[in-house]
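For reference, the structure is listed below as structure tokens.
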Amino acid sequence: MTMVPRIVHRLETAQFATAAAAVLRTLMREAIASDGECRIVLAGGRTPAAVYEVLCTLADIEWSRVQLFIGDERCVPPHHADSNFAMIERTLVSRAAIPPDQVHRMRGELDAAVAAAEYDRIVAALPEPRFHVVLNGVGADGHTASLFPGDTSITSEQRWSVAAQAPAPFAVPQRVTLSLRALNATRHSVALCTGDDKRTVRRMILCTEEGTPSLPASLLRGSEQTIWCVDPD
Ligand code: 6PG
């Protein structure tokens, strides 16, 4: 597969959430128009929250035609303060008219291996393309979802979802995550990477099209587009 060069949107901080939501809206409407539905993976962490709050206010997204998935989850119950799904529910699911059976969360309350096997079956059953849009966060160490530097299985893992271990100091070590194979089984890959603490990793990743397992986020690719929404630095 030819590597799709990254498209970098440098967005002013004040407009970041609105501009990133507009990028997602366009891709979601495109998928619904062409395939009748949009299968989208949402990211956890803090950065996407403001984007979701804008996204769910955009009236021209047919939420009844959206299938919602998640990139990774911390092994906590769904309403726990550290739950990625809790954040997504608060900022988007509770406000957008997505039919509940089209919201596919990772069950962080289960044993990580059990929850990962369950989600692996869900993703394995999806038609091609498995996802139309995958939204990813990026950590200052270059991790994405719960794929952390030093994990030697990142590029060889064939399962769609696996149990993972977050190194200190990350909250909740036990994790469930989509594999790199799953994160890249998408037409459009979108990464959000803002903040001064991520300036160095942003430069290391965006200065070359080559990816490296030591910076898992550098390996993110879509089959049609690889979009990075970053600060204007
Ligand atoms: C998680 C996330 C993780 C996140 C990055 C960036 O479970 O923590 O999925 O991969 O996207 O750590 O997080 P921030 O947006 O909070 O900087």
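All ligand and atom numbering here is 1-based and tracks the order in the structure. Along the sequence shown, residues are numbered consecutively beginning with 1.
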Any side-chain heavy-atom pair of Ile98 and Pro100 under 4.5 Å: no
Under a 3.5 Å threshold, yes or no: a donor from one side chain and an acceptor from the other, between Ser146 and Asp72? yes
Tell me, do Arg159 and Ser179 make a side-chain contact under 4.5 Å, heavy atoms counted? no
Tell me, do Ile70 and His104 make a side-chain contact under 4.5 Å, heavy atoms counted? no
Interfacing atoms of ligand 1 (cut-off 4.0 Å, heavy-atom, Arg74): 1 (C), 7 (O), 8 (O)
Suppose we call two aromatic rings close when their centres sit under 6.0 Å apart. Are Phe170 and His143 close by that rule? yes
Taking only non-hydrogen atoms of Gly137 and a 4.0 Å limit, the atoms of ligand 1 in range are 11 (O)
Does the Ser94 side chain pair with the main chain of Glu89, one donor and one acceptor, at a distance under 3.5 Å? yes
Which residue supplies the protein heavy atom nearest to atom 12 (O) of ligand 1, what is that atom called, and how far is it? His143 NE2, 2.8 Å
Any carboxylate oxygen within less than 4.0 angstrom of a Lys/Arg side-chain nitrogen, looking at Glu118 and Arg107? yes
Under a 4.0 angstrom heavy-atom cut-off, which atoms of ligand 1 come close to Arg175? 1 (C), 7 (O), 8 (O)
Within-cut-off N or O pair, Thr144 and ligand 1, under 3.5 Å: no
Here the atoms of ligand 1 under 4.0 Å from any heavy atom belonging to Asn84 are 1 (C), 7 (O), 9 (O)
With heavy atoms under 4.0 Å as the rule, classify the contact between Val138 and ligand 1 as side chain, backbone, both or neither. backbone
Who's the nearest protein heavy-atom neighbour of atom 9 (O) of ligand 1, and how far? Asp72 OD1, 2.5 Å
Any atom of ligand 1 sitting under 4.0 Å from a heavy atom of Glu73? no
Minimum non-hydrogen distance to atom 15 (O) of ligand 1, winning option of Leu42, Thr194, Leu178, Thr47: Thr47
Numbered in order shown, the ligand 1 atoms found under 4.0 Å of a heavy atom of Lys198 are 6 (C), 14 (P), 15 (O), 17 (O)
Among Arg202, Lys198, Arg10, which residue meets the salt bridge (charged side-chain N to carboxylate O under 4.0 Å, His left out) test with Asp231? Arg202
N/O to N/O below 3.5 Å, does that happen between Ser146 and ligand 1? no
Do me a favour and list the nearest non-hydrogen protein atom to atom 13 (O) of ligand 1 with residue, atom name and distance? Gly45 CA, 3.9 Å
With a 4.0 Å cut-off on heavy atoms, is Ala145 touching ligand 1? yes
Out of the candidates Val133, Val103, Ile122, Leu42, only one should pair with Phe69 under the side chain to side chain contact (heavy atoms under 4.5 Å, CB included) rule; please name it. Ile122
